[in-house]
Amino acid sequence: MNLARKLYLDFYIVVLALYVYFNKGIAYTFLAEALLVIGVVVVLANFRALEIPKDRKVAGLFLFFFIALAYIIRALPQYQLLNIIRDSFIFNYGLFVIIIFFFKADIDYLLNGIYKIYTWFPLVATLSFFSLSYIPFIADFKLVGGIHLLHYKYGDMAVHLFITVLFILNGKIKLSLRFFIANAILIAYLFLIASSYSRAGMLCFATCFCLFFFFSKQAALKKQVYYYLRFVPLLLILALPVYMATNVKENFQGRKLGLDQLKENITSIVSTEKGTTRSDNNVWRLVWWGKIIDYTFLGEYFLQGKGLGMSLAADDNISPDGDDDLRSPHNFHLNILARFGVPIFLLWCYWMYLHFKQFRDPEISELGLVLLCIITIFLLNASFDVFLEGSMGAFPFWTFVGLYYINQLNQSETETVV
């Protein structure tokens, strides 16, 4: 690896670490966007060295890029350029996949950097949570964009905890016994925190862990998972006293820490009880999603959608709790439906299907299954929140998509040689 490639990959790993560790507090630094622009320039300057897999998933991704470009051109006469470009990144963050393709020969270096990031994630996340909760100076410190530096979305935290757990189970994160025990307790503690504040995060974690276990074909790995599951009650017993002693105020949704909150979150996933914040959150989302389905599948925006540049919240006359900053529905897939119309939405569904069907691929590698589960939890969490529309979710998501494609390509090349 030459010096220039190493410097860019080191920059890539550092920026990814910042987004994983600090989430929303770092998003408005636009470091991910700067990394993307530099990477695209490097790829264009060395385009002949780029190896693109011949695969329908990759072809679909390139089609999304061309669609985004066409919709940018369509929106230019009507809306501000900044808002148009911002909305186009619903697909354009996928350019990180092309950058990953360019660094195919150095993919192990990038993977090892990612493993190191998640090795320290439980400790960094715990220290950040305590600092934000108990140190007034830290709680008031804002870096850019008027967002607290340590402000973390708890659904996102559940996603990154899931990634940490899979890397540990898969043996990609190697720890001493003491560090392993400490990390396990911190993961249990953070999972209780995330589950208290985010029903979606709790649901996504549990669902994707079941997928990983069910489709794992290695008997040794399943045996190892069974072995670790025996210690989950003990971990919860160790983590619960700290969790119960964590005295923080309610968040903006009226949620707090405690066993009662956990119970309410679990039951409210399927509850229709009226008059609670949780049911109200469900109602305005369902109303908005119903409107989108109505004016696309059944209305005038069937073919082309509403396009880019406008705030969907304002255009659809949705303003929960007077949130003027909300632009897009808390569902990435319906955001695509609203902006691009039914045909492109169905194309997106087909693109996801091409990934999900590979759960049943008997030839999928152990690392491939891990990466596929990670892609799935990102897509699932994006069904409940504004997640993949911004860099704090899209940057790691498309990075893992690129890694999955490279893993498939390497596996295919190995089978061909054999």
Side-chain angles (χ1 to χ4, degrees), residues 1-22 26-27 29-55 57-59 61-62 64-65 89 91-121 124 160 163-164 166-167 170-174 365-368 370-372 374-375 378 388 390-417:
M1 186 192 315
N2 63 39
L3 181 60
R5 292 172 71 92
K6 185 177 184 301
L7 285 175
Y8 181 81
L9 284 177
D10 286 340
F11 183 41
Y12 198 109
I13 292 167
V14 169
V15 174
L16 182 60
L18 290 173
Y19 277 76
V20 171
Y21 291 160
F22 298 106
I26 207 76
T29 61
F30 297 105
L31 284 170
E33 288 77 9
L35 182 73
L36 180 64
V37 170
I38 295 170
V40 169
V41 170
V42 170
V43 170
L44 291 176
N46 301 273
F47 192 75
R48 291 185 179 180
L50 182 64
E51 182 181 358
I52 300 174
K54 296 178 180 179
D55 185 275
K57 300 186 296 297
V58 178
L61 189 58
F62 274 92
F64 292 137
F65 296 152
F89 269 81
F91 288 139
N92 286 340
Y93 278 117
L95 289 168
F96 277 114
V97 175
I98 311 305
I99 296 171
I100 297 294
F101 288 161
F102 180 74
F103 287 96
K104 174 181 177 291
D106 310 307
I107 209 66
D108 287 338
Y109 185 83
L110 178 58
L111 276 169
N112 287 329
I114 292 173
Y115 299 149
K116 290 178 182 177
I117 290 172
Y118 284 97
T119 298
W120 295 97
F121 175 71
V124 173
H160 293 298
I163 297 171
T164 305
L166 287 201
F167 284 157
N170 198 41
K172 300 302 181 182
I173 293 179
K174 301 184 185 300
S365 67
E366 185 180 341
L367 177 60
V370 168
L371 294 172
L372 187 56
I374 291 172
I375 291 170
F378 274 94
L388 298 183
S391 56
M392 59 189 181
F395 174 33
F397 169 71
W398 290 110
T399 296
F400 284 115
V401 170
L403 292 172
Y404 178 66
Y405 292 166
I406 293 298
N407 179 75
Q408 281 193 306
L409 182 62
N410 290 339
Q411 184 178 349
S412 176
E413 290 176 350
T414 302
E415 291 171 353
T416 301
V417 171

A.B. asks: Quick one: does N112's side chain have a donor or acceptor within less than 3.5 Å of a partner on D108's backbone?
C.D. replies: yes
A.B. asks: Measure up the F65 and F62 rings against each other and bin them: parallel (under 30°), tilted (30 to 60°), perpendicular (over 60°).
C.D. replies: perpendicular
A.B. asks: Under 4.5 Å between any side-chain heavy atoms of Y109 and D10, yes or no?
C.D. replies: yes
A.B. asks: Any non-hydrogen side-chain atom of N46 less than 4.5 Å from a side-chain atom of L50?
C.D. replies: no
A.B. asks: Only one of L372, I375, V58, I100 clears side chain to side chain contact (heavy atoms under 4.5 Å, CB included) with V401; which?
C.D. replies: I375
A.B. asks: If only atom types and distance count, is the side chain of Y19 paired as donor or acceptor with the main-chain N or O of S391 below 3.5 Å?
C.D. replies: no
A.B. asks: Would you mind reporting whether W398 and N92 have side-chain heavy atoms less than 4.5 Å apart?
C.D. replies: no
A.B. asks: Which class fits the ring pair F400 and F378: parallel under 30°, tilted 30 to 60°, perpendicular over 60°?
C.D. replies: tilted
A.B. asks: Determine whether the side chains of Y8 and D106 contain a donor N or O and an acceptor N or O closer than 3.5 Å.
C.D. replies: no
A.B. asks: Are side-chain heavy atoms of V124 and F121 found at a separation under 4.5 Å?
C.D. replies: no
A.B. asks: Are I114 and L403 packed together at the side-chain level, in the sense that at least one heavy-atom pair is separated by less than 4.5 angstrom?
C.D. replies: yes
A.B. asks: Side-chain contact test, heavy atoms from C-beta onward, threshold under 4.5 Å: evaluate it for L367 versus Y404 and give yes or no.
C.D. replies: no
A.B. asks: First locate atom CD1 of I374, then atom OG1 of T399, and finally report the distance between them rounded to the nearest 0.5 Å.
C.D. replies: 11.0 Å
A.B. asks: Is a side-chain N or O of N2 found less than 3.5 angstrom from the main chain of R5, in a donor-acceptor match?
C.D. replies: yes
A.B. asks: Can you find a pair of side-chain heavy atoms, one from Y115 and one from K174, that are under 4.5 Å apart?
C.D. replies: no
A.B. asks: Tell me the closest heavy-atom pair linking Y118 and H160, and the distance in Å.
C.D. replies: OH-ND1, 2.9 Å
A.B. asks: Please report the C-alpha distance between F395 and Y12 in whole Å, then the side-chain angles of each, then the deciding distance to 0.1 Å, and finally whether the ring-ring contact (aromatic ring centres under 6.0 Å, His included) criterion is met.
C.D. replies: CA-CA 10 Å; F395 174 33; Y12 198 109; 5.3 Å; yes
A.B. asks: With a 4.5 Å heavy-atom cut-off, do L110 and F103 have their side chains touching?
C.D. replies: no
A.B. asks: Which atom names give the shortest non-hydrogen contact between A32 and V15, and what distance separates them?
C.D. replies: N-CG1, 4.0 Å
